Amino acid sequence: MLRCDKCKVDLTGPLRRCPLCGSELRGAPDGEHPVFPPLRLTPPRSRLPVRLALFLSVVAAVVCSGVNLCLPQSGIWSLFVTAGLMSFWLAFGVAVRKRRSILKSLLWLAVLISVLAVLWDVQTGFSRWSLNFVLPLLLISLQLLTLLFSWFFHLPLQDYLIYLTLGGLFGFVPLILFLFGQLRVPYPSVICAAVSLISLSALWLFQGRALRAEIRRRLHL
C-alpha cells in the first residue's frame with residue numbers, strides 16, 4: 001500500500017507520486033492494476049451526411065439560380081429557394097449548437113423567419129406568398145424538425161411534448177387566415193392544418209397523461 005504523508009491518504013496502483021499534490025509516496029505498490037477503470041470513449045459521429053446534404057443544398061441553389069437567369073420571365077423564384085435553404089441550415093446550425101435548448105431555438109427561429117418573410121413580402125408588393133406558402137410550410141417543418149431532433153438527440157419526453165403541442169396549435173393559424181379571406185391558395189394551409197390535427201391527435205391518444213402532467217407542471221396547477 002502506498003501512502004502520501006502530506007495528504008494523509010492511502011493509494012493503490014503502480015504510482016510514484018501523489019496525484020493530489022505531486023509528493024513522493026512511501027511504501028510499496030500492491031499490484032499493477034490501474035487506479036481508475038478504463039474509459040470507453042464514444043467514437044465521434046460522422047459528419048459526411050451533413051456535408052453531403054450541405055453540398056446538395058448548394059448545388060440546388062446554384063441550379064435554380066441558373067435556370068431562373070435563363071428564364072427571367074418566370075420571376076425571381078430562385079431567391080425564395082435559396083432563402084429557404086439558408087433558413088433550414090440556419091435552424092439546423094442553431095439547433096446543433098444549442099443542444100440544451102434545441103426546441104426553444106426552433107420555435108424562435110420559426111417566429112423570426114415568419115416575420116422576415118412577411119416583411120419581405122410587404123416590401124415587394126405584398127402578394128401574400130409569405131402567408132400562402134412560407135407560413136404553412138414553415139409550421140409543418142417546425143413540427144417535423146421537433147420530432148426529428150427529439151429522436152436524434154434522445155431528448156426526454158417532457159422536453160418536447162409542450163413544444164410539439166405548440167407547433168400543432170400554431171399549425172391551424174394558416175387555415176384560420178384562409179377562412180377569414182386573408183389567403184388565396186388553400187392547399188398549403190389545409191395540409192398544414194391536417195398535419196397539426198394528426199400530430200395533436202397522436203399526442204392526446206398516446207401521451208395524453210404525460211402531456212396533461214407537463215401542462216399542469218408548467219402552469220403550476
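Computed from a prediction, not measured in an experiment: that's the story for all the values here. For this chain, numbers begin at 1 and follow the sequence in order.
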Checklist outcome for this item: So side-chain hydrogen bond (donor to acceptor under 3.5 Å, both in side chains) across residues 48-64, not counting sequence neighbours, yields S57-W89
Next on the checklist: Quick test of your reading: applying side-chain hydrogen bond (donor to acceptor under 3.5 Å, both in side chains), list the pairs with at least one residue in residues 183-204, sequence neighbours left out, ordered by first then second residue.
Outcome noted: Q143-S196
Are [Y] and [X] co-members of a hydrophobic cluster defined by side-chain heavy atoms under 4.5 Å apart?
X	Y	result
I176	I198	no
L148	V50	yes
F170	V111	no
L138	V115	no
V173	F178	yes

Checklist entry - For I140, which fellow cluster members are found when Ile, Leu, Val, Met, Phe, Trp and Tyr are connected by side-chain heavy-atom distances below 4.5 angstrom, either directly or through intermediates? => result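 L144, I191, V195, listed by chain and number.
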Next on the checklist: Could you list the cluster mates of V58? Members are the ILVMFWY residues connected by side-chain heavy atoms closer than 4.5 Å, either directly or through other members.
Outcome noted: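 Via sub-4.5 Å side-chain contacts, V58 links to V62.
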Next on the checklist: My understanding is that only residues two or more places apart in sequence, or in another chain, count here; which of them pass salt bridge (charged side-chain N to carboxylate O under 4.0 Å, His left out) with R26?
Outcome noted: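 In terms of salt bridge (charged side-chain N to carboxylate O under 4.0 Å, His left out), with neighbours along the sequence ignored, R26 is linked to D5.
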To check you understand the geometry: which heavy-atom pair defines the closest contact between [X] and [Y], and what is its length?
X	Y	result
T82	S65	OG1-OG, 4.2 Å
D121	W129	OD1-NE1, 3.0 Å
V118	S130	CA-OG, 3.7 Å

Sequence neighbours excluded, which residues qualify as side chain to side chain contact (heavy atoms under 4.5 Å, CB included) partners of [X]?
X	result
L169	T165, L200
A210	L157, L161, Q207
C64	W77, S78, V81
C21	C4, K6, C7, C18, S23

[X] [atom1] to [Y] [atom2] distance, which is reported to the nearest 0.5 Å:
X	Y	atom1	atom2	answer
L164	L147	CG	CG	5.0 Å
L166	L142	CG	CG	9.0 Å
L85	L54	CG	CG	10.0 Å
F126	L119	CZ	CG	10.5 Å
L139	L175	CG	CG	12.0 Å

Residue list, side-chain hydrogen bond (donor to acceptor under 3.5 Å, both in side chains) with [X], at least two apart or on another chain:
X	answer
N132	none
S141	none
R212	none

Item to check | Worked check of side chain to side chain contact (heavy atoms under 4.5 Å, CB included) between L197 and F172 | outcome: CA-CA 8 Å; L197 184 59; F172 292 101; 4.1 Å; yes
Checklist entry - Going through the distances and angles, do L135 and L183 end up as a side chain to side chain contact (heavy atoms under 4.5 Å, CB included)? => result CA-CA 11 Å; L135 183 60; L183 304 182; over 6 Å; no
